Amino acid sequence: MWRDSFGDFKVPQSLRDAWRAEFEQLRQGVMTVLEYEVRFSELARHAPVLVATIRERVRRFIEGLHPSIHTSMARELKMDFTYQQAVSIARRVEGMFSRDREEREAKRSRETGHYIGARAPAACYGRGFVSRPVHSNLAAASGVPAPPRP
């Protein structure tokens, strides 16, 4: 970089071209929406012609989002939202997907027996003796035979 006659730093054209090309190819990928938004904003400064209007900035931002979030935001492309509103909506959609994924994983864990959740209902054996059946993979995994069930 060098300074122009006013003392301001000048960025070489090759670097500006590289930033513009990176901006044109920018996709969320594995980044969070927040990380993607930060990178998008950094690179957009170097490609103002590509985001000359708010509508164009919102369109480019949404199109670069992960396909699942992008699909969920299809109507925002047709409406007049500010850039910050689009970012906020994308973050909420990402949060919903994240919670849904966590719930599915927790449910899957409960179904495969790797989850210690609600206790089984009590069973009554003999005179008032209350016992809860033990369902454990520990005995089978250790090679020790499970005690016989009454």
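Counting begins at 1 with the first residue of the sequence. Since this is a predicted model, take the numbers as computed values, not measurements.
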message = Between Met31 and Leu26, is the side chain to side chain contact (heavy atoms under 4.5 Å, CB included) condition met? List the steps.
response = CA-CA 11 Å; Met31 292 183 274; Leu26 183 64; 4.1 Å; yes

note = Applying salt bridge (Lys or Arg N to Asp or Glu O under 4.0 Å) to Arg20 and not counting sequence neighbours gives Glu24

inquiry  = If only side-chain N and O atoms count, and only distance matters, is there a donor-acceptor pair under 3.5 Å linking Thr53 with Glu56?
reply    = no

ask   = Please, which pairs that meet ring-ring contact (aromatic ring centres under 6.0 Å, His included) have at least one residue in residues 84-106, sequence neighbours excluded?
value = none

query = Ile54: what forms a side chain to side chain contact (heavy atoms under 4.5 Å, CB included) with it, not counting sequence neighbours?
reply = Val58

key: For Gln84, side chain to side chain donor-acceptor pair (under 3.5 Å) partners two or more places apart   = none

ask   = Looking at residues at least two apart in the chain, or sitting in another chain, which of them share a salt bridge (Lys or Arg N to Asp or Glu O under 4.0 Å) with Glu35?
value = none

task = Please round to the nearest 0.5 Å and tell me the distance separating atom CD1 of Ile89 and atom CE of Met79.
result = 8.5 Å

ask   = Sequence neighbours excluded, which residues qualify as ring pair (Phe, Tyr, Trp, His ring centres under 6.0 Å) partners of Phe23?
value = Phe40

ask   = Rounded to the nearest 0.5 Å, how far does OG of Ser72 lie from CD of Glu94?
value = 11.5 Å

request  = Determine yes or no for a side-chain-to-main-chain donor-acceptor pair under 3.5 angstrom, with Tyr36 supplying the side chain and Phe61 the backbone.
outcome  = yes

Joint hydrophobic cluster, Val38 plus Val33, side-chain heavy atoms closer than 4.5 Å = no

key: All side chain to side chain donor-acceptor pair (under 3.5 Å) counterparts of Gln28, not counting sequence neighbours   = none

note = Nearest heavy-atom contact between Ile62 and Ala86 is CD1-CB, 4.5 Å

inquiry  = Among residues at least two apart in sequence or on other chains, which ones pass salt bridge (Lys or Arg N to Asp or Glu O under 4.0 Å) with Asp100?
reply    = none

Interatomic spacing from OH in Tyr83 to CZ in Arg60 - rounded to 0.5 Å = 12.5 Å

For a quick test of your reading: what N or O donor-acceptor pairs under 3.5 Å do the side chains of residues 63-71 make, sequence neighbours left out?
from	atom 1	to	atom 2	distance (Å)
Glu63	OE1	Arg59	NH1	2.5
Glu63	OE2	Arg59	NH1	3.0
His66	ND1	Ser68	N	3.3
His66	ND1	Ser68	OG	3.0
Thr71	OG1	Pro67	O	2.8

key: All pairs passing salt bridge (Lys or Arg N to Asp or Glu O under 4.0 Å) where residues 77-93 contributes a residue, at least two apart   = Arg55-Asp80

note = Between Val87 and Glu37 the two heavy atoms that sit nearest each other are CG2-CG, 3.5 Å

remark   = Correct closest heavy-atom pair for Val11 and Arg16 would be O-NE, 3.3 Å

request  = Please list, chain by chain and in numerical order, all residues satisfying ring pair (Phe, Tyr, Trp, His ring centres under 6.0 Å) with His46, sequence neighbours excluded.
outcome  = Trp19

request  = Could you list the residues that satisfy side chain to side chain contact (heavy atoms under 4.5 Å, CB included) with Glu105, not counting sequence neighbours?
outcome  = Arg101, Arg108

